[in-house]
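Take a look at the structure set out below.
Bear in mind that the values here come from a model prediction, so they are computed numbers and not experimental data. Nothing fancy with the numbering, it's 1 onward along the sequence.
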Amino acid sequence: MPRAHLEARFDEVRQWAGDRKVHVICRRGNESQRAVVLMRAKGLDAIDVVGGVNQWAREVDETFPLY
């Protein structure tokens with residue numbers, strides 16, 4: 001999610017997340033790192049899924065669909 005889009009929808013994300021930890025994942029792990037920095041700066045408990053879905057598919061679930 002581009003930064004401007006996340007900024008615009010942050011209240012919606014906060015409402016959805018509540019007190020839960022938010023796990024953020026993207027294709028390779030780069031964009032999710034940026035999103036986590038922004039979310040943490042705004043007070044959300046967020047964690048990046050390192051390596052994104054590509055690494056998840058290689059190391060955790062080989063049947064996970066890649067895009």
Self-check item: Nearest atoms (heavy-atom pairs only) where Ile47 meets Val36
Solution: C-CG2, 3.7 Å

Quiz item: Hey, quick one: are Phe64 and Val49 part of the same hydrophobic cluster, counting side-chain heavy atoms closer than 4.5 Å, chains of contacts allowed?
Solution: yes

The criterion is side chain to side chain donor-acceptor pair (under 3.5 Å); which residues satisfy it with [X], sequence neighbours excluded?
{"X": "Glu59", "answer": "Gln55"}
{"X": "Asp19", "answer": "none"}
{"X": "Gln15", "answer": "none"}

Exercise. Sequence neighbours left out, what passes side chain to side chain contact (heavy atoms under 4.5 Å, CB included) with Asn54? Give chain and number order.
Key: Arg27, Arg28, Arg58, Leu66

Exercise. Could you list the residues that satisfy side chain to side chain contact (heavy atoms under 4.5 Å, CB included) with Leu44, not counting sequence neighbours?
Key: Phe10, Val13, Arg14, Ala17, Met39

Self-check item: Pairs meeting criterion salt bridge (Lys or Arg N to Asp or Glu O under 4.0 Å) with involvement of residues 35-51, two or more places apart
Solution: Glu7-Lys42, Lys21-Asp45

